[in-house]
Amino acid sequence: MKRAIICFVVSISCFLLSGCWDRTELNDLALVTGIGIDQKGKEIELTAQLVVPKKLGAGASMGGNNSGSSGGATIVRSGTGKTLADAIAHLQEKLPRRLFWGHVKVIVFGEKAAKAGIRAHMDFLSRNPQTRLRSNVLVSDKTAKSVLELLPPIEQSSAEVLRELSNSQILMNITLKDVLQMLSGETGAAALPMVTLLPIEKEKTPLETIAYIDRTAIFKGDRMIGSIGDKLTRGALWIRNEIEQANITVSLKGAEGKITSTIIRANTKLIPSYKNGRWKMTIDITSRDDVLLNATNLSLYNEKHIHQLEKALAQATIERVNATLKKVQKEMHADIFGFADVIHRKYPKQWNRIKNRWDDIFPEIEVKVKANVVVQRPGMNTTPQGIPEDEVKK
Amino acid sequence: MEKGKISALQLAMMMYPAIIATAILLVPAITAHHAKQDMWLSPIWAAFTGAITVWIAIRLHEYYPKQTAIEYSAQIAGKWFGNIIGFVFLFFYLHASGIIVREYGEFIIGNFFIRTPLLFIMGSMILVCAFAVRGGVEVVARLSEVAVPVVIVVIALFVIMLIPDMEIKNMFPIFEHGILPSLKGAIIPQSWFSECFLIAFLLPYVANQQDGKKYALFSVVAICLTLVMVNFTVLFVLGNITARFVYPVMSAVRYISIADFLEHLEAFVMAIWVAGAFLKIAVFYYVLVLSTAQWLRLTDYRLIVFPIGFLILLFGNWAAPNVMELSHFLGTSTPFYLNTVQTVIPLLLLLGAKWRHRGKKA
């Protein structure tokens, strides 16, 4: 009897092995790789970039025989609604598969949506258990849709292109987590990378271009107030201690041609000080460089020339940083550098007194930029190549 | 009634998940809300409650080495009054088990199985625990011995994998508003630490009594260190937005991305969380069943395992109408509730025991 009962229980449990009752098979899901958010009048337009599984990986298996398929591995679909969640519901109506947000790589805001405020969207994106704080956030200079619908030639989707571009850290690299931190932080400002479409080449369809990051959108509160170009962005990266790769080109006094050097390592310290009711900020930059190119006739094996070069490089860095400060601090009044956090950390007591007036204080802060550049190696060449020995200035 | 014996190390390994399992999920957000960047200090203050509770349990155990809390409360406070204290313990552990099961269910549903019925998730977990509890203290102890090292290794791996995303500067300024915020942040975790009183029910079954005391304190230290490490990690990764997440550890782990392919690791959080919650529920469940049997003076506790499991399920369902209320209850009432039953009542029992044994050499 007991054995019969055990047998019965064991066989009953086999029914459970078939899986969960509310399982979702992969071929019932629409994998979203990128989200675009645009403002359309009073409504929000949400654009989702979806993976077309048939096409994904077809390139490898079919070899050269992909001339017939004009489409790429992704498609875009949009829905509009009063809020983001509302727009998703409308988007879902148009799709045979359930939307799945776990693989969202980038979130792109259209410029209009960014200017209208992004806080409500951010709340949705971090509240949803499927989306990830790791997704990169960007702003498009046109609509978000125009960026996501591109079919890039090398990568599988334009979302992947944007993620790779962000991660290369040549300009800003901001994740959803960073945005949330900036929006709820003390600075009251945020900076997001901004993408532009590469001009279309002749004889190519409009979608066969790529979008690339070349500006930075500046936010005050959760609204975009303007943008700065790539040069000024590099300056901001210097101040934020986020610079990874940089080539600096300078010309030295008394020599024709230019010298370019590349940064191996760079570090920036922000040192606040408070005297007689006035705030001062010292930006202390140190970097180690290698020479990349020497178009002058100077021999870089000469200690004197190296010192001259180091000074010129430091001066170029300082000028770059000052240009950024002039635009962002004096004109836009947006603390994207994190000065507020630095002061908060070093002077917590004084900070509590000034934090309500920070918007007035920030543009008035006196900033001093110091740079110390050390050139360590000349590359593979000793004296400049390609000119007669006697023209080299030793 | 319980013939099984456990080793001192097994005791420590049962205590560890009994506190850590839920403490690393909901508590960091509550601590961060009060303590802000000093949140890493809070578990250290909180551990004092754990140490005091363990000390009380050990002293009581020295007076009545062969008995559990239910049995000696009748001896200390008299039959009638002792039974009331026993009932308070029983009801408390029933309610606490229900809350833990609910926390488990809410986490699983909130993050993974959004549309699965809560009762199903809680019920299947209680069923599995019921089998472990029926097996007795030795089975629960051995399960802990298997699972706890895995849990520790996975937590450590998470911390290591998050190192590239850590910003040490998030912890400054230390003591911005003095020591008070970190103490406030410690109020909730310290009530978790009072759950160390569970050892009062387990110490009689420890084979090596001398080591038992040592390992009980050792597990308090281990729990404290784990919480400090977890809070550091969360603080360094999420910084000022830690308190904005219901499960900060989960959010931080989801942020892991190494070399573009080592990502989407939340399944591992789920795995250690399920393992930890299983052990935690099993330990509470076992203590509840054993004490009920002792309170009712039954000869065998196995009979009441399933009925009590059903009660836990009901209490889990009744614990709160929604997550917000559950979190509010945990964030406001627990210090009074947990500490009264698990620290204050034992302390009164200890004083009573001292009074009973006055004149005698303990």
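Proteins get letters first, then strands, A, B, ... in listed order; numbering begins at 1 in each. The shown structure was predicted, so the numbers you read here are calculated from the model rather than taken from an experiment.
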request  = Please check if atom CZ in B:Phe268 has more than 12 non-hydrogen atoms from other residues, nucleotides or ligands closer than 6.0 Å.
outcome  = no
Report task. For atom CZ of A:Arg127, decide whether the heavy atoms of other residues, nucleotides or ligands shown that lie under 6.0 angstrom number more than 12. Result -> no
Assert top hit (heavy-atom pairs under 4.5 Å, partner chain B, pool A:Gly102, A:Pro348, A:Gly185) equals A:Pro348
### Message
With a 6.0 Å cut-off (strictly less than), is the heavy-atom count around NZ of A:Lys105, excluding the residue itself, greater than 12?
### Response
yes
Whatever's closer than 4.5 Å to a heavy atom in chain B on A:Asp341 counts as neither
Do other residues, nucleotides or ligands put more than 12 heavy atoms under 6.0 Å from B:Phe310 CZ?
no
Across all chains, not counting sequence neighbours, the side chain to side chain contact (heavy atoms under 4.5 Å, CB included) partners of A:His103 are A:Leu31, A:Phe100, B:His264
Among residues 177-186 of chain B, residues within the sub-4.5 Å heavy-atom range of chain A, in order of number, are B:His177
Distance col, row A:Arg163:CZ vs B:Ser257:OG, nearest 0.5 angstrom, shows 5.5 Å
Task: Close side-chain approach of A:Arg134 and B:Asp165, heavy atoms under 4.5 Å - done: yes
Q) Side chain of A:Arg345, backbone of B:Pro173: donor and acceptor closer than 3.5 Å? A) no
Between B:Arg254 and A:Gln130, the two heavy atoms sitting closest are NH2-O, 3.1 Å
Separation between NZ (B:Lys169) and CG (A:Asn241), nearest 0.5 Å, reads 8.0 Å
Does CZ in B:Arg142 sit with more than 12 non-hydrogen atoms of other residues, nucleotides or ligands closer than 6.0 Å?
no
Across all chains, not counting sequence neighbours, the side chain to side chain contact (heavy atoms under 4.5 Å, CB included) partners of B:Pro43 are B:Leu227, B:Val228, B:Asn231
Taken to the nearest 0.5 Å, the spacing of A:Ser184 OG from B:Asn240 CG works out to 4.0 Å
By residue number, those in residues 172-182 of chain A with heavy atoms under 4.5 Å from heavy atoms of chain B are A:Thr175, A:Lys177, A:Asp178, A:Leu180, A:Gln181
Do the non-hydrogen side-chain atoms of A:Leu133 and B:Leu238 ever get within less than 4.5 Å of each other? yes
Whatever's closer than 4.5 Å to a heavy atom in chain A on B:Phe245 counts as side chain
